[in-house]
Amino acid sequence: MWDWPIAIYLFLIGVSAGMVVVSLLVKRRVLREDAAQSGLLKSTAIIAPLAVIFGLLILILHLTRPWTFWKLMFFYSTSSVMSLGVMLFQLYMVVLLLWLAVIFRHWLTAQLQPYPKLSWLGTILNKIAPIERQLEPFMLLLAVALGAYTGFLLSALKSYPLLNNPVLPVLFLFSGLSSGIAAMVLCAVTLFNEPVDSPALAYLHRLEKPVVWLELFLLLAFFTGLWFGGGQKAVAVTVALGGGFWATMFWFGVIGCGMVLPLILNRYCRPNLRHRLSFLLTVSGLSLFGVFVLRFFILYAGQMTVV
């Protein structure tokens with residue numbers, strides 16, 4: 001039985017991957033050379049690495065023998081989804097920290113001035129800076145792979161028809177994008193005083209709507225494919241959506257609060273209201289809540305039906 005710590009782990013990894021993908025898009029499309037001054041990129045610099053660290057810590061503590069987790073970091077198996085994930089996490093963290101260090105190299109260099117023995121770090125970052133644009137496509141590839149990996153991890157559970165679904169990795173990727181946008185907005189406007197009418201936030205608002213619609217479409221494809229698959233697949237859909245606690249959480253938490261309500265608020269509220277801090281916090285909080293509940297729903301409802 002995979003229980004609630006795994007759901008939190010899946011949520012945190014999705015947030016990190018989603019924030020990095022969105023940050024790369026915002027940096028290329030809007031911020032360009034001013035990325036280091038943006039509250040959105042500062043939010044990514046804090047949340048994206050910490051979300052992975054806390055997610056992996058939860059996973060390690062959840063292991064049967066957590067004190068031997070270090071073996072996973074050095075002994076790999078290409079036939080294991082978990083082992084492949086460990087390799088992906090390691091590469092993702094190295095490239096992420098390097099990318100963020102290059103973006104904020106001037107700030108880091110200033111912080112290192114009282115420590116002359118560490119001045120070589122600033123020199124290295126300045127030498128790496130010219131290849132920043134070449135590093136970004138690789139960072140994007142790793143972030144997309146990490147966002148989809150959480151879905152692959154669950155879809156490898158072949159005895160559970162709801163989880164063993166090829167749509168799940170793509171669904172988790174787009175729900176991660178949705179949570180990444182919400183987390184960036186929440187952190188940027190509260191911690192870094194990002195102007196509510198900034199061009200970067202306006203770009204996120206334009207990006208958010210198609211992401212939510214694609215997420216809705218993927219949920220439809222996810223359950224439609226199971227329903228027409230017949231047998232235990234159709235039973236899994238009936239059990240998950242037909243009634244009970246998890247069906248209520250899906251319709252109310254995921255669809256209602258997480259998707260439909262934010263779309264309605266963004267569509268029908270007046271423009272002056274949509275630019276208020278309270279409005280941004282409410283809509284972003286609803287989106288994060290919906291993705292959080294989705295992870296719990298998929299994990300628990302997916303284990304209620306066995307082939």
Side-chain angles (χ1 to χ4, degrees), residues 2 4 6-25 44 47-48 51-52 54-55 58 85 88 92 140 142-157 162-187 204-226 237 240-241 246-247 249-263 266 283-302:
W2 288 26
W4 62 268
I6 302 299
I8 297 176
Y9 156 77
L10 296 173
F11 172 73
L12 291 173
I13 299 304
V15 168
S16 177
M19 289 188 77
V20 171
V21 171
V22 174
S23 296
L24 286 162
L25 293 175
T44 301
I47 297 178
V52 172
F54 283 124
I58 289 171
L88 176 60
Y92 172 83
L140 178 63
L142 291 174
V144 170
L146 185 64
Y149 163 74
T150 54
F152 282 116
L153 183 65
L154 292 184
S155 63
L157 301 174
L162 190 70
L163 300 179
N164 186 223
N165 191 314
V167 180
L168 191 58
V170 188
L171 174 61
F172 271 23
L173 172 62
F174 277 91
S175 66
L177 289 176
S178 180
S179 63
I181 293 172
M184 284 180 72
V185 172
L186 278 174
C187 186
L204 284 188
H205 292 321
R206 293 196 302 271
L207 186 66
E208 187 177 22
K209 187 181 297 184
V211 167
V212 173
W213 281 111
L214 277 169
E215 195 178 351
L216 279 166
F217 169 76
L218 288 168
L219 279 170
L220 178 63
F222 179 83
F223 288 112
T224 302
L226 286 170
V237 175
L241 302 181
W246 287 113
M249 293 302 294
F250 176 79
W251 293 114
F252 174 77
V254 178
I255 301 298
C257 293
M259 297 181 184
V260 175
L261 188 54
L263 286 172
N266 279 309
V283 172
S284 299
L286 287 170
S287 297
L288 270 179
F289 174 74
V291 176
F292 187 71
V293 174
L294 176 64
R295 294 298 196 267
F296 273 84
F297 169 79
I298 293 292
L299 186 67
Y300 277 94

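For the numbers below, each heavy atom of this structure counts, side chains included, while hydrogens, waters and symmetry mates do not.
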Where do [X] and [Y] come nearest, in terms of heavy atoms and distance?
X	Y	result
L154	L168	CB-CD2, 3.7 Å
I298	L163	O-CD2, 3.2 Å
C187	I47	CB-CD1, 3.7 Å
V21	A143	CG2-CB, 3.6 Å
S175	R295	OG-NH1, 2.6 Å
V254	G290	CG2-O, 3.8 Å

Output the distance between atom [atom1] ([X]) and atom [atom2] ([Y]), rounded to the nearest 0.5 Å.
X	Y	atom1	atom2	answer
I6	T150	CD1	OG1	12.0 Å
E215	I255	CD	CD1	8.0 Å
L186	I181	CG	CD1	12.0 Å
L146	F152	CG	CZ	12.0 Å
L153	L10	CG	CG	6.5 Å
I13	F54	CD1	CZ	12.0 Å

| By side-chain hydrogen bond (donor to acceptor under 3.5 Å, both in side chains), which residues pair with S179, not counting sequence neighbours? | none
| request: Test side chain to side chain contact (heavy atoms under 4.5 Å, CB included) on W251 and V260 and set out the steps. | output: CA-CA 10 Å; W251 293 114; V260 175; over 6 Å; no
Sub-4.5 Å side-chain heavy-atom contact between [X] and [Y]:
X	Y	answer
P262	E208	no
V22	V211	no
K209	L263	yes
L171	N165	no
L214	L177	no
F11	L294	no

| message | So, using ring pair (Phe, Tyr, Trp, His ring centres under 6.0 Å) as the criterion, who are the partners of Y300 when residues are at least two apart? | response | W246
| query | Stepwise, does the ring-ring contact (aromatic ring centres under 6.0 Å, His included) test hold for F174 with F217? | reply | CA-CA 11 Å; F174 277 91; F217 169 76; 9.9 Å; no
| Test side chain to side chain contact (heavy atoms under 4.5 Å, CB included) applied to L299 and W4, step by step | CA-CA 8 Å; L299 186 67; W4 62 268; over 6 Å; no
| query | Can you list the steps and then say if V293 with F252 is a side chain to side chain contact (heavy atoms under 4.5 Å, CB included)? | reply | CA-CA 10 Å; V293 174; F252 174 77; over 6 Å; no
| Does S155 reach the main-chain N or O of N164 with its side chain, forming a donor-acceptor pair under 3.5 Å? | no
| field | Output field: ring centroids Y92/Y149 closer than 6.0 Å | value | no
